[in-house]
Number of protein chains: 4
Amino acid sequence: MNDKTDLPGCPGELLRQGRRVAGQDPVKRDQILDGAHRVFTRLGFDASSMNDITREANVSKGTIYVYFANKEELFETLMERERQRIFSDSEMALTGQGTIAERLMRYGTLIVRLVCSDVVIRAHRVILGVGERMPEMAARFYERGPQKGKQALALFMKAEVEAGNLVIDDVEFAAHQFSDLCMAAIFRPRLFGYMANEPTTAEIERSVGGAVAMFMAYYAPRPGAGAA
Amino acid sequence: MNDKTDLPGCPGELLRQGRRVAGQDPVKRDQILDGAHRVFTRLGFDASSMNDITREANVSKGTIYVYFANKEELFETLMERERQRIFSDSEMALTGQGTIAERLMRYGTLIVRLVCSDVVIRAHRVILGVGERMPEMAARFYERGPQKGKQALALFMKAEVEAGNLVIDDVEFAAHQFSDLCMAAIFRPRLFGYMANEPTTAEIERSVGGAVAMFMAYYAPRPGAGAA
Amino acid sequence: MNDKTDLPGCPGELLRQGRRVAGQDPVKRDQILDGAHRVFTRLGFDASSMNDITREANVSKGTIYVYFANKEELFETLMERERQRIFSDSEMALTGQGTIAERLMRYGTLIVRLVCSDVVIRAHRVILGVGERMPEMAARFYERGPQKGKQALALFMKAEVEAGNLVIDDVEFAAHQFSDLCMAAIFRPRLFGYMANEPTTAEIERSVGGAVAMFMAYYAPRPGAGAA
Amino acid sequence: MNDKTDLPGCPGELLRQGRRVAGQDPVKRDQILDGAHRVFTRLGFDASSMNDITREANVSKGTIYVYFANKEELFETLMERERQRIFSDSEMALTGQGTIAERLMRYGTLIVRLVCSDVVIRAHRVILGVGERMPEMAARFYERGPQKGKQALALFMKAEVEAGNLVIDDVEFAAHQFSDLCMAAIFRPRLFGYMANEPTTAEIERSVGGAVAMFMAYYAPRPGAGAA
DNA sequence: CATGAATGAGCTTTCATTCAT
DNA sequence: CATGAATGAAAGCTCATTCAT
């Protein structure tokens with residue numbers, strides 16, 4: 001997954017050749033992004049001032065503008081980085097040992113813990129908050145984030161269907177169903193802050209357990225019973 | 001000095017009797033809220049200026065401040081109004097004729113069409129965008145909006161469980177499951193703008209149909225087969 | 001002292017003829033001035049809003065503009081009224097029984113108590129605060145207020161000089177000297193708020209007593225000693 | 001968010017060491033104060049807008065807010081500076097050669113010329129104009145300004161009393177008396193703008209001369225005559 | 001390169017004044 | 001006449017961005 005070629009923070013090939021980039025310090029760049037992350041997730045895009053970021057990142061104003069053309073580019077770069085961090089290894093859970101149910105359980109547990117974590121929920125809110133004004137960015141976040149995880153899940157399902165272990169007509173749709181079922185009573189309450197704390201392991205287990213049970217009841221062929 | 005309503009002899013008790021302030025024009029008030037709605041959903045809270053609203057609502061700056069103490073109060077009032085508008089009659093769908101599946105189908109169709117509509121999705125984004133800074137407002141929106149609908153659904157399920165038509169251990173949880181299943185492949189893509197248009201009737205039917213099928217397969221007792 | 005002919009609040013002859021004045025209610029007019037007085041002395045001219053006055057006077061905005069053309073005219077009218085109230089009867093103290101010293105004592109006591117009272121000190125501050133922008137008004141306030149009192153005092157002195165009881169070259173100057181001596185340690189501290197409370201009778205007595213003693217020591221001819 | 005100095009890495013301790021804020025330009029600071037002085041003394045506190053000051057000081061709006069947190073702080077800083085400038089060396093006049101009368105004459109001349117100068121009278125008006133709303137500031141101005149001068153005078157008198165050259169019971173009171181006597185016919189008319197121009201040398205000489213004469217007549221022991 | 005002082009457009013909010021009722 | 005809702009210019013203040021050092 002070579003996402004790097006169209007990072008918003010690196011607008012075009014010029015950057016990798018011209019003198020602006022020469023000598024840029026990736027450590028300082030990350031330092032800025034780290035500060036920006038704290039500020040943006042706390043205040044949202046508009047309410048965050050470049051001064052806030054400057055203070056939080058412990059760099060000067062001018063320095064930020066060396067690394068990022070403007071506030072929006074800084075924001076987009078940051079969100080790109082966050083997306084990559086968040087959704088980097090969700091598919092891992094599907095590989096490995098165990099029954100289908102066990103592997104689904106592992107996968108569901110991982111994504112619920114991940115997606116409903118404080119940091120990810122906050123990132124969601126920030127992105128959604130500017131979704132109307134930066135539509136491609138929000139769409140891209142979804143496409144390369146959650147959507148990607150579901151594709152991996154769909155591929156897994158497709159393999160199991162072909163192996164005769166599952167009976168699913170539309171695996172992409174089923175992947176969506178399973179994912180959303182896993183966080184059924186969690187994701188939206190978390191997003192709105194109605195559920196203040198990260199879900200406990202017990203809560204996650206129960207939710208994902210319910211999802212797996214329901215999913216298997218419907219999609220796993222039982223002797224003498226068709227599903228879809 | 002702090003003189004929002006511009007009423008000199010406004011004795012306080014009168015204010016809280018009928019309309020909010022004696023002599024205020026509810027039509028103009030709604031006119032302001034309508035303008036504010038257009039602006040806020042387009043730009044989000046912070047990026048919307050009072051001037052934008054002034055222009056969109058076709059009232060003067062001062063007039064807005066006669067009806068609303070400040071930008072935040074205007075926003076909160078608006079969001080309250082939107083919430084009430086949106087989630088006023090979702091439970092209707094559950095009453096009326098038909099089998100359980102038919103009624104669930106009706107309910108699911110209604111909430112998906114509603115919650116995933118452009119206007120509601122935009123309202124969600126706006127609220128989520130300020131969720132970090134106005135946490136109670138976002139939480140209240142969820143509690144009195146989506147949460148309420150789910151409670152009605154849970155009550156319906158409880159009745160059917162008691163009638164022996166469904167076998168459900170935790171109806172609240174099951175209500176969440178059903179709701180989220182209904183919009184499985186729709187809500188999140190819509191929220192992020194990945195799915196640009198409102199779902200078609202066909203898409204909704206398919207999604208809700210899948211949810212009903214899965215739900216019934218798991219929670220409706222079949223002769224000789226236990227569920228939970 | 002027919003001051004009424006050039007009251008700022010009665011701009012010209014038109015008012016006394018045209019329909020604007022016909023039917024104006026002097027009670028309501030005073031009601032407005034009373035409210036304005038409370039507000040202006042509390043906040044100063046600029047920081048007082050017409051709404052504040054409206055609230056304090058318990059009249060509507062429009063009503064104020066029936067009686068006064070604008071904020072400035074209201075202010076000037078008020079200050080004119082206050083001046084007349086304050087400095088109406090200071091000369092009384094000089095007439096009546098008693099030695100020169102006794103009468104000076106009476107006069108001094110009266111003006112110190114008056115001029116250093118809370119209400120007059122506040123009026124002073126308000127007028128001085130706008131003195132740069134409404135110079136004629138402030139000057140007129142002084143001319144027809146304090147200055148007038150001093151003229152009465154000078155006349156008294158002149159009479160006593162002619163009677164051979166005092167030896168004074170320039171009575172106007174001596175009147176100033178006596179007046180300022182009376183409030184020597186009081187007026188300026190009061191004006192700046194350094195002396196928070198109105199002077200007590202004892203303080204006044206002492207201050208005026210000192211003034212009289214000093215004045216008499218210098219200006220009253222003693223056998224075998226010339227003064228000025 | 002609240003970011004007056006625009007310094008990101010401004011660690012707090014540095015701020016209170018030398019100049020107020022590391023890197024701030026004292027020349028520009030004075031430039032702002034000079035402009036503010038012109039505007040404030042012309043219009044008073046409330047009627048002076050930050051834009052006026054901006055224009056008069058020839059700096060941008062933002063720059064003012066780098067040096068001063070808000071309008072009030074700018075004003076207070078300015079008044080503090082003016083106070084120090086005005087009342088820095090009034091006591092000098094008392095030291096040096098000459099008889100008591102000569103030294104009093106010198107002192108009186110100096111303070112009258114100073115206190116009744118255009119610039120000081122204007123400063124008085126501005127301060128008094130906000131005295132009701134910033135009482136401590138006005139009181140402090142008096143305490144550290146005029147009051148201080150009088151204390152020096154009182155000390156001088158005390159020394160002369162102890163040397164047997166004067167007979168004064170309460171030197172502080174006498175100092176007030178002498179001071180106010182010096183500007184008897186000048187200070188108040190000036191304050192109200194009734195005396196439009198700064199007093200001439202002749203006027204001052206006469207006024208102070210009268211004060212010295214009166215003061216000495218009362219407080220200087222003459223052979224065979226007691227005073228108080 | 002890094003810095004942060006300077007800019008000025010633009011923000012939210014206030015208020016003297018008007019005028020339809 | 002009295003009322004007070006409406007107006008819109010102007011207030012204090014912020015902040016993304018630039019640029020001399």
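Sequence lines set the chain letters: A, B, ... in the order given, protein chains first and strands last, and positions in each chain run from 1.
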_Tell me the interatomic distance from A:D25, atom CG, to E:dT3, atom C1', rounded to whole angstroms._
16 Å
*Using atom OH of B:Y67 as one end and atom P of F:dG4 as the other, report the distance to the nearest whole Å.*
14 Å
*asked:* So, using side-chain contact (heavy atoms from CB on, under 4.5 Å) as the criterion, who are the partners of D:K28 when residues are at least two apart?
replied: D:D25, D:Q31, D:I32, D:V59, D:T63, D:Y67
*Mind telling me whether A:F45 and A:F40 have parallel, tilted or perpendicular rings, with 30° and 60° as the class edges?*
parallel
*With sequence neighbours left out, write down each residue that passes side chain to side chain donor-acceptor pair (under 3.5 Å) with B:E80, or none if nothing qualifies.*
B:R83
*Partners meeting salt bridge (charged side-chain N to carboxylate O under 4.0 Å, His left out) with A:E56 (sequence neighbours left out)*: A:R38, A:R42
_Just the rounded figure in Å: distance from P of F:dT17 to CZ of A:F68._
14 Å
_Euclidean distance, atom CZ of residue B:F45 to atom C1' of E:dC11 [Å, nearest integer]_ = 12 Å
_So, using ring pair (Phe, Tyr, Trp, His ring centres under 6.0 Å) as the criterion, who are the partners of D:H37 when residues are at least two apart?_
none
*So what does the secondary structure string of DNA chain E come out as, 5' to 3', with Watson-Crick or wobble pairs under 3.5 angstrom, [ ] for crossing and | for pairs with another strand?*
.||||||||||||||||||||
*Could you check B:N70 against D:I64 and say which one's nearest nucleotide on DNA chain E is further toward the 5' end?*
D:I64
_Exercise: do C:T54 and C:N51 side chains pair donor with acceptor under 3.5 Å_ = no
*Given E:dA2, E:dG8, E:dT13, the nucleotide with the shortest approach to the side chain of D:S60*: E:dG8
*Rounded to the nearest angstrom, tell me the gap between atom CD1 in B:I32 and atom P in F:dA5.*
12 Å
*Could you check how far CG of B:L43 sits from P of E:dG10, rounded to whole Å?*
15 Å
*Partners passing side chain to side chain donor-acceptor pair (under 3.5 Å) against D:D46 (at least two apart in sequence or in another chain)*: D:R133
*asked:* Measuring to OP1 and OP2 of F:dT7, would you say a side-chain N or O of B:T63 lies under 4.0 angstrom away?
replied: yes
*Quick one: B:R55 CZ to E:dT12 P, roughly how many Å, whole number?*
11 Å
*Using side chain to side chain donor-acceptor pair (under 3.5 Å) as the criterion, list what pairs up with D:D30, not counting sequence neighbours.*
D:R81
*asked:* Nearest to the side chain of B:Y65, heavy atoms from C-beta on, is which of E:dT13, F:dA6, F:dT3?
replied: E:dT13
*Using side chain to side chain donor-acceptor pair (under 3.5 Å) as the criterion, list what pairs up with A:R122, not counting sequence neighbours.*
B:E132
*asked:* Rounded to whole Å, please give me the gap between CZ in A:R29 and P in E:dC1.
replied: 15 Å
Tabulate atom names and distances for all N/O pairs under 3.5 angstrom spanning the protein and nucleotides 9-11 of chain F.
residue	atom	partner	partner atom	Å
F:dA10	N6	B:K61	NZ	3.2

